[in-house]
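Let me begin by presenting the structure, written as structure tokens, before commenting on it.
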There are 4 protein chains.
Amino acid sequence: MGEPSRRDAILDVASRLFAEKGYNNTTTAEIAQEAGVAEGTLYHHFGSKDGIFLTIFDEMVEEYMVGAERLAGEGTNGAGALSSLIRFHFEYLEQNKNRFLVILRDFPNHLATENDGRSAESRNRFRRMTDILSLVLTQGVNDGTLHPSFPIRDTAALLRGILYGTTRHSMLGIIDTPLSRLSRVVEGYCLKALSPPPGGKGTRRKRGTK
Amino acid sequence: MGEPSRRDAILDVASRLFAEKGYNNTTTAEIAQEAGVAEGTLYHHFGSKDGIFLTIFDEMVEEYMVGAERLAGEGTNGAGALSSLIRFHFEYLEQNKNRFLVILRDFPNHLATENDGRSAESRNRFRRMTDILSLVLTQGVNDGTLHPSFPIRDTAALLRGILYGTTRHSMLGIIDTPLSRLSRVVEGYCLKALSPPPGGKGTRRKRGTK
Amino acid sequence: MGEPSRRDAILDVASRLFAEKGYNNTTTAEIAQEAGVAEGTLYHHFGSKDGIFLTIFDEMVEEYMVGAERLAGEGTNGAGALSSLIRFHFEYLEQNKNRFLVILRDFPNHLATENDGRSAESRNRFRRMTDILSLVLTQGVNDGTLHPSFPIRDTAALLRGILYGTTRHSMLGIIDTPLSRLSRVVEGYCLKALSPPPGGKGTRRKRGTK
Amino acid sequence: MGEPSRRDAILDVASRLFAEKGYNNTTTAEIAQEAGVAEGTLYHHFGSKDGIFLTIFDEMVEEYMVGAERLAGEGTNGAGALSSLIRFHFEYLEQNKNRFLVILRDFPNHLATENDGRSAESRNRFRRMTDILSLVLTQGVNDGTLHPSFPIRDTAALLRGILYGTTRHSMLGIIDTPLSRLSRVVEGYCLKALSPPPGGKGTRRKRGTK
DNA sequence: AATGAATGAGAATTCATTCAT
DNA sequence: GATGAATGAATTCTCATTCAT
């Protein structure tokens with residue numbers, strides 16, 4: 001932990017370069033040079049260029065998922081948990097812009113299709129997000145704070161799409177709204193879209209009613 | 001118009017290969033061979049491999065934007081126009097899966113950052129989407145059918161993010177909900193999120209009141 | 001002669017482009033476009049890209065040689081003829097900078113080695129210069145105005161080298177002396193180097209005699 | 001020093017092939033094959049085909065300039081130094097025909113115009129020759145052994161032109177005089193052209209004295 | 001004479017990976 | 001663990017030339 005290990009130096013440099021120039025436009029020679037190590041050292045630690053990428057990816061997603069899962073467990077009620085989750089998402093990305101840009105820019109094209117062990121496993125890790133969202137939605141339905149008008153699974157899929165799409169557009173500069181504002185906008189609209197019908201919660205009977 | 005020109009043959013083959021294997025994993029040699037033309041012909045018509053990509057992209061986005069703009073102009077009221085727009089979006093993509101997959105998988109990494117005239121122009125074209133959404137939202141506010149709880153521009157940005165994120169996840173198989181179902185889910189939630197407050201539309205007075 | 005024929009338009013454009021960018025860096029497509037003709041037209045008139053080059057070369061060298069030969073015949077005495085020749089050389093090049101730059105920059109590398117008819121013939125044309133210089137030197141020896149200290153042929157070779165080398169360095173900007181000044185410098189030194197020994201013209205013995 | 005490094009093998013092969021066939025007609029594949037290395041190794045060491053050329057050029061010119069500068073410093077008097085310089089020039093080229101042919105045939109067309117750092121720097125190196133000649137001329141003027149009838153700078157420019165032009169014509173076979181004879185011819189004429197006026201060396205006052 | 005779409009044989013360059021030290 | 005010279009397969013792009021119209 002004390003020694004600024006070569007391993008970490010490589011990951012830091014690679015994160016930055018991947019984010020700045022994209023995975024394909026970053027050469028292993030550059031990474032090695034900027035990290036102050038020999039090119040061979042990259043291979044000692046990570047086995048391949050893909051290995052470097054997947055390590056960055058895994059470490060980040062794991063951290064994110066752990067944070068998200070903790071929040072989902074803590075919430076007092078479904079609506080609150082969803083709010084927390086949305087806020088956490090945008091805060092976390094705000095603080096990890098570089099590393100997330102890597103994923104945003106390069107993941108799907110390169111490793112999204114291959115099915116060799118590690119990259120498949122990495123992708124799976126991300127899918128846990130849908131599970132977490134489903135969980136929170138179910139909780140909300142049960143405690144009456146959320147009233148999805150479509151099946152849980154589809155609603156969770158929608159929420160993932162909202163989080164991903166808005167984050168991506170903002171980070172790539174396609175829209176002007178910054179992440180911090182986006183957080184409030186997304187939270188506001190999601191809660192409204194999932195809000196109980198006007199009459200009061202008791203009147204709704206579809207599913208999860210007494 | 002009748003002759004299946006070499007130009008079109010190239011674009012068709014390239015669309016398919018890019019969608020199947022990704023831009024980087026498709027070689028110009030393959031495109032030429034499958035299109036039954038010489039490799040030089042690719043360069044005669046499109047100047048570069050990027051040129052082929054951008055041509056596919058431009059033609060598709062242009063078609064999409066024209067369709068979207070027409071709908072936005074036709075709608076009877078704001079909420080109706082928004083519904084139409086959302087349906088059109090998912091229908092259009094359903095019918096142009098291949099070509100859109102190309103964009104989904106490869107666009108940002110490759111050309112999103114470069115600023116050489118053509119790719120910059122291409123990206124601009126895409127930004128018209130935010131304008132259209134803003135227009136429809138404004139219309140809805142004026143005719144009282146939509147009640148955004150956040151500024152128009154941020155709301156439009158959110159809608160773009162929703163459309164993009166959900167479409168992407170579905171097309172890449174990250175979520176299981178198919179585009180057709182997604183269309184209804186997105187439409188339902190968006191309308192609800194933008195629905196007038198329970199009290200009645202007449203209470204709102206900001207703009208467009210009597 | 002009245003119609004600005006396509007043929008001439010092509011030669012003019014090609015001269016300029018070859019001079020500006022070099023033969024290898026000028027494409028037939030560029031020549032055709034700037035001359036306002038189709039690429040095929042180039043081949044109708046000149047058969048090949050080399051053909052364009054050799055035509056420019058031949059026309060220029062022929063003009064130059066005709067001028068040089070006329071002067072050599074006219075001179076009142078050898079020294080005078082040599083002076084005229086030197087002045088003519090620099091004046092002619094000053095007036096035909098572009099076309100000469102073509103030769104300066106590209107001739108040897110491309111066609112200097114091949115021995116297929118036309119390019120060999122073209123090169124021969126240039127060799128007439130050594131003959132003219134030899135002629136003038138002989139004339140000067142006979143009329144007592146020039147006293148070469150080395151065989152005529154070697155002296156002529158030297159003069160050619162002087163003319164070529166100084167012209168080249170000046171036109172390519174390797175030295176700062178402009179052609180006009182160079183003309184006087186070369187003339188002055190050549191006449192001095194070939195001047196009769198101090199004692200008088202009749203006495204001419206080897207060189208540097210007491 | 002003992003190991004015939006791959007780097008040197010590449011340079012040797014490239015020198016020979018460039019001289020034999022010209023730069024443009026020599027492929028990197030050929031160089032690699034004949035040098036017994038992989039094509040990538042060329043790029044590992046020299047970065048580009050141009051890089052190989054410029055390395056050959058630099059090493060040769062540097063060697064030449066060092067030799068010339070040493071001679072210029074050693075001479076007992078100006079005329080003697082000039083003689084030494086001329087002899088050195090032709091001897092050096094005689095011994096480095098191959099490498100010089102490369103420069104003679106290809107340099108100007110290819111890199112003479114581009115201004116990307118390295119090639120510009122290379123050309124500069126060559127310009128030192130004018131400085132050396134100026135130095136020697138100045139020395140000769142001061143010690144009374146040389147009497148240029150034109151400004152030093154122009155005279156130096158002329159000398160460079162003579163050396164270049166005669167060498168080139170001889171090496172390319174445009175004239176029949178071999179380098180060894182040329183050496184004496186050039187030396188003889190240059191000294192005569194720069195010789196003191198008949199009146200006597202002691203009187204030397206600037207030039208153009210009454 | 002003129003056209004210009006089509007050609008296709010090259011050529012330079014890239015770069016992740018290996019392996020002897 | 002660390003090195004970095006060497007690799008070589010793979011790929012995009014060039015451009016003079018042809019020929020059917």
Side-chain angles (χ1 to χ4, degrees), chain A residues 5-7 10 23-33 35-53, chain B residues 3 5-7 9-10 23-33 35-53, chain C residues 5-7 10 23-33 35-53, chain D residues 3 5-7 9-10 23-33 35-53:
Chain A
S5 76
R6 290 180 210 258
R7 193 191 122 96
I10 292 168
Y23 180 86
N24 281 317
N25 299 321
T26 302
T27 65
T28 51
E30 274 176 304
I31 298 171
Q33 199 202 346
V37 302
E39 226 171 325
T41 308
L42 265 50
Y43 289 81
H44 266 294
H45 288 290
F46 305 102
S48 69
K49 191 185 172 189
D50 283 0
I52 299 174
F53 180 88
Chain B
E3 352 79 33
S5 75
R6 289 178 213 254
R7 193 191 123 96
I10 292 167
Y23 180 87
N24 282 316
N25 299 321
T26 303
T27 67
T28 52
E30 274 176 304
I31 298 171
Q33 200 199 349
V37 302
E39 213 169 336
T41 307
L42 265 51
Y43 289 84
H44 183 65
H45 286 293
F46 306 102
S48 69
K49 192 184 172 189
D50 282 0
I52 299 175
F53 181 89
Chain C
S5 74
R6 291 179 211 257
R7 193 192 121 97
I10 292 167
Y23 180 86
N24 280 316
N25 299 321
T26 302
T27 65
T28 50
E30 275 176 304
I31 298 171
Q33 199 203 344
V37 302
E39 226 171 325
T41 308
L42 265 49
Y43 289 82
H44 267 293
H45 287 291
F46 305 101
S48 70
K49 191 186 173 188
D50 283 359
I52 299 175
F53 180 88
Chain D
E3 353 77 34
S5 73
R6 289 177 214 254
R7 192 192 124 96
I10 293 167
Y23 180 87
N24 282 316
N25 300 319
T26 303
T27 66
T28 52
E30 275 176 302
I31 299 172
Q33 199 198 349
V37 302
E39 216 170 333
T41 308
L42 265 51
Y43 290 83
H44 182 65
H45 286 294
F46 305 102
S48 69
K49 192 185 172 188
D50 282 0
I52 299 175
F53 180 89

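Treat the numbers as computed from the prediction; the structure is a model and nothing was measured.
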> Tell me: CG of D50(C) to P of dT17(F), nearest whole Å?
Replying inline: 7 Å
> Taking atom P of dA11(E) as reference, at what distance in whole Å does atom CG of N25(D) sit?
Replying inline: 9 Å
> Is a donor-acceptor pair below 3.5 Å formed from side chain H44(C) to base dA1(E), judging by atom type as modelled?
Replying inline: no
> Do any side-chain nitrogens or oxygens of R6(A) fall under 4.0 Å of OP1 or OP2 in dG1(F)?
Replying inline: no
>> Starting the side chain at C-beta, find the nucleotide from dT17(F), dG4(E), dG8(E) nearest to A38(C).
In response: dG4(E)
>> Tell me the interatomic distance from I52(A), atom CD1, to dC15(E), atom C1', rounded to whole angstroms.
In response: 13 Å
>> On the nucleotide dA5(E), are OP1 or OP2 found under 4.0 Å from the side-chain N or O atoms that R7(B) carries?
In response: no
> Can you tell me how far P of dG4(F) sits from CD of E30(A), to the nearest Å?
Replying inline: 17 Å
> Any idea which heavy atoms bring H45(A) and I10(A) closest together, and the distance?
Replying inline: CD2-CD1, 4.2 Å
>> Whole angstroms only, please: what is the CZ-C1' distance between F46(C) and dT17(F)?
In response: 16 Å
>> Judged by each residue's nearest nucleotide on DNA chain E, which is more toward the 5′ side, V37(C) or T28(A)?
In response: V37(C)
> Does K49(D) or K49(A) map to a spot on DNA chain E nearer the 5' end, using the closest nucleotide for each?
Replying inline: K49(D)
> Between I31(C) (CD1) and dC15(F) (P), how many Å, whole number?
Replying inline: 12 Å
> Which residue, A29(B) or G36(A), contacts DNA chain F at a nucleotide closer to its 5' end, judged by nearest heavy atom?
Replying inline: G36(A)
> Is any side-chain heavy atom of I52(C) closer than 4.5 Å to a side-chain heavy atom of Y23(C)?
Replying inline: no
>> In this structure, how many angstroms lie between the C1' atom of dA11(E) and the CG atom of L42(D), rounded?
In response: 13 Å
> Just to confirm, is there a sub-4.0 Å distance from OP1 or OP2 of dC15(F) to any side-chain nitrogen or oxygen of T27(C)?
Replying inline: no
> Quick one: OG1 on T28(A) to CZ on F46(A), what's the gap to the nearest 0.5 Å?
Replying inline: 13.0 Å
> Where the side chain of Y43(D) is defined as all heavy atoms beyond and including C-beta, which of dT14(E), dA16(F), dA2(E) is the nearest nucleotide?
Replying inline: dT14(E)
> Quick one: CD on Q33(A) to OG1 on T27(A), what's the gap to the nearest 0.5 Å?
Replying inline: 9.0 Å
> Please give, in whole Å, the distance from dT7(F) C1' to I10(D) CD1?
Replying inline: 12 Å
> Once you round to the nearest 0.5 Å, how far does CD of E30(C) lie from CD of E39(C)?
Replying inline: 10.5 Å
>> Which nucleotide, if any, forms a Watson-Crick or G-U wobble pair with dC19(E), using both distances under 3.5 Å?
In response: dG4(F)
>> Quick check: on DNA chain F, is the nucleotide nearest T26(B) upstream (toward 5') of the one nearest H45(D), or the reverse? Name the residue that is more 5'.
In response: H45(D)
